[in-house]
Amino acid sequence: MSEKLLDVKNLVVHYETDEEVVEAVNGVSFSLNKGEIMGLVGETGAGKTTTALAIMGLLPDRVANVIEGSIEWEGEDMLKMSKAQMRQVRGKKISMIFQDPMTALNPTIPVGEQIAEVVMLHEKCSRVEAMKRAQDMLAMVGIVPERYKEYPHQFSGGMKQRIVIAIALACEPDLLIADEPTTALDVTIQAQILDMMRNLQKQQGTSIILITHDLGVVAEMCDHCAVMYAGEIVEHGTVEDIFDNPKHPYTKALYESIPSLDKKVDRLHVIQGMVSDPTCLPTYCSFADRCEECTEACKQGDPTTVHLEGEHTVKCFKYCGKE
Amino acid sequence: MENEKNLIEIRNLKKYFNTPRGQLHAVDNVTMDIEKGKTIGVVGESGCGKSTLGKTLMRLHSATSGSVMYKDVDIAAMPLKEFKKNYRADIQMIFQDPYASLDPRMSVLQLVEEPISVNDPKLSKADVEKKAKEMMELVGLAKRLEGSYPHELDGGRRQRIGIARALSLDPQFIVCDEPVSALDVSIQAQILNLLQDLQKERGLTYMFITHDMSVVKHISDDIAVMYLGQLIEKCPADEIFENTIHPYSQALLSAIPIPDLHIKRERMIMKGELTSPINPKPCCRFAARCPFATDKCHSEEPTLREMKPNHQVACHYAEKFMK
């Protein structure tokens, strides 16, 4: 039995403004073992990034509210930790790579210094040691250490993303949260970055949560996959479950709406309607209004999460009572 | 025109930009035929000149040299004023970012009316409005949205406004510059279907610029692969995945993650990144990254050769890579 690293239970996050309440995450539960790569897929506004920010303790202070739930890190609830305690965890045990490498780096500080900064903060080492470590990190992500003193604008997009990854990995975190790490990059550079992340996972045993909307990336990288819709995990399982045996109508519709490389289709399948407005989610199944397999029961109440074979879970009335 | 079937014939088109460090060869000697009523997909990494090619056809950039034949006239060489008067309406463009390409202070109806009234100032206000409403219906924008502003709409609807604006002048040829890359997959499917329907109804010809290979294969009849300003391979869309010849095209294709667990391909990881397009040496532009490069590749520029009917490749060793 592998070690459970992260355990998110029934997480509910709302953004509250004067006019409205945005129900961003509505009861998300999942756990992650050591060395596993989990994919978190879903469309814009599904709550993927909010979930990640909640784990990092980086939700915007005044507007975001964790209504209920817990996020346990090696058995300890991170939501109850003080800010000072969280700072110890962040960057050292859990690191995050943000979507846009162009804005994640400080343009006025040489890239090497930006890596060394994290090391000095967490490892309590001397400047020289931190510098040495930063140079090693640069080499590891495939950038010559001589470029330590160069500034972000002197690097290309793919290289900047690699520097961001070097910063995230400088303290050998146990968990890396990568929020759309390759979305802004070309496929060839994406392939390099994904390869690198996979190697790191193998060498250092890092667990990874990979947030993406690209199912191809998930198929290539992940062990597990959770599909999010309107702030809920509608289907969760191993990649084999999700790719070979998708159950939830939304997951199936997602597959049909992406153009395939090996099959010739004349028209793409379209998911009818729009994503439900997170300020007024229906009281029943949030996908019901767009679902092709919707029945009377779907509009009566919210489905519960049903456990199918193994780790495969699905949140849909179609499977209720068939456990 | 050399061939009756062609709508546009591009011959030795060049677009150079002057920079402090020298001449940047954004589009370098591109020769291409675009068949009437068909879609030509243009793919390549960022910076390969695909958008510049589209903009040069539109006369948003003026060509450095070369010709673009349309209806037996060279639209690249004529004075800009004449082009705008007689041909601008025939050749239209859909832009990548529907968030940035619409005036935030104009309502949907005003946005669609704008190109109509600008291109035909003699038209009465009522006629402009009538035409704009027709266009909105055509692209599937509901009547109730007429008074809405861009910020109130989602990406898919905004892109529909862009399409309505382009179509309002009854063009023959539309340059679609990454029209779906900012959209979620389910919205992307709607827009791709819409573009295909409009093409069938109105006999439109598209140039579809994208970096997403699965999208380009789905929508295109022919595919052109560009690398550092040059056209390196052009072939029918079905052919590109079966019988790609140029090593760069092969590497590009092998880098795409496929959302299927049972397809495993051997990946060609390219070393390094794009070389600079400023004052390039007379050699194969891909030689520096090509695993098969020889001395000849580093000293002599390959020309585009017809290897099979409809399949052109610019590589010294194309015979060797043919299956």
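Chain identifiers are assigned alphabetically (A, B, ...) following the order of the sequence lines, protein sequences preceding nucleic acid strands; residue numbering begins at 1 within each chain. Because the structure is a prediction, the values reported are computed rather than measured.
Ranked by heavy-atom pairs shorter than 4.5 Å toward chain B, the options A:A191, A:G216, A:S257 are led by A:G216. Note on B:S254, B:A251, B:A189: by heavy-atom pairs under 4.5 Å with chain A, the leading option is B:A189. For the set B:G156, B:S214, B:A237, B:P259, the entry with the most heavy-atom pairs within less than 4.5 Å of chain A is B:P259. For chain B, the option among A:L194, A:D214, A:D266 with the highest count of heavy-atom pairs below 4.5 Å is A:D266. Most heavy-atom pairs under 4.5 Å with chain B: of the set A:V239, A:V187, A:L215, A:T188, this distinction falls to A:T188.
In this structure, chain B has heavy atoms under 4.5 Å from both the backbone and the side chain of A:I271. Residue B:Q190 touches chain A through both its backbone and its side chain, counting heavy-atom pairs closer than 4.5 Å. With a 4.5 angstrom heavy-atom cutoff, B:D212 does not touch chain A via any of its atoms. In this structure, no portion of A:E256 lies under 4.5 Å from any heavy atom of chain B. Both the backbone and the side chain of B:L252 come within less than 4.5 Å of a heavy atom in chain A.
A:E43 and A:H213 are not linked by any side-chain donor-acceptor pair at a separation below 3.5 angstrom, with hydrogens and angles left out of the test. Between the side chains of A:T279 and A:D277, at least one donor-acceptor pair of N or O atoms lies under 3.5 Å. No hydrogens or angles considered: nothing links the side chains of A:H236 and A:E311 as a donor-acceptor pair under 3.5 Å.
Residue-environment remark: CD (B:E152) exceeds the threshold of 12 foreign heavy atoms within 6.0 Å. Applying the 6.0 Å contact sphere to NZ of B:K281 captures no more than 12 heavy atoms from other residues, nucleotides or ligands.
The residues A:K315 and A:E235 are annotated as not salt-bridged, no charged nitrogen and carboxylate oxygen being separated by less than 4.0 angstrom. Using a cutoff of 4.0 Å between basic side-chain nitrogens and carboxylate oxygens, B:D28 and B:R285 are scored as salt-bridged.
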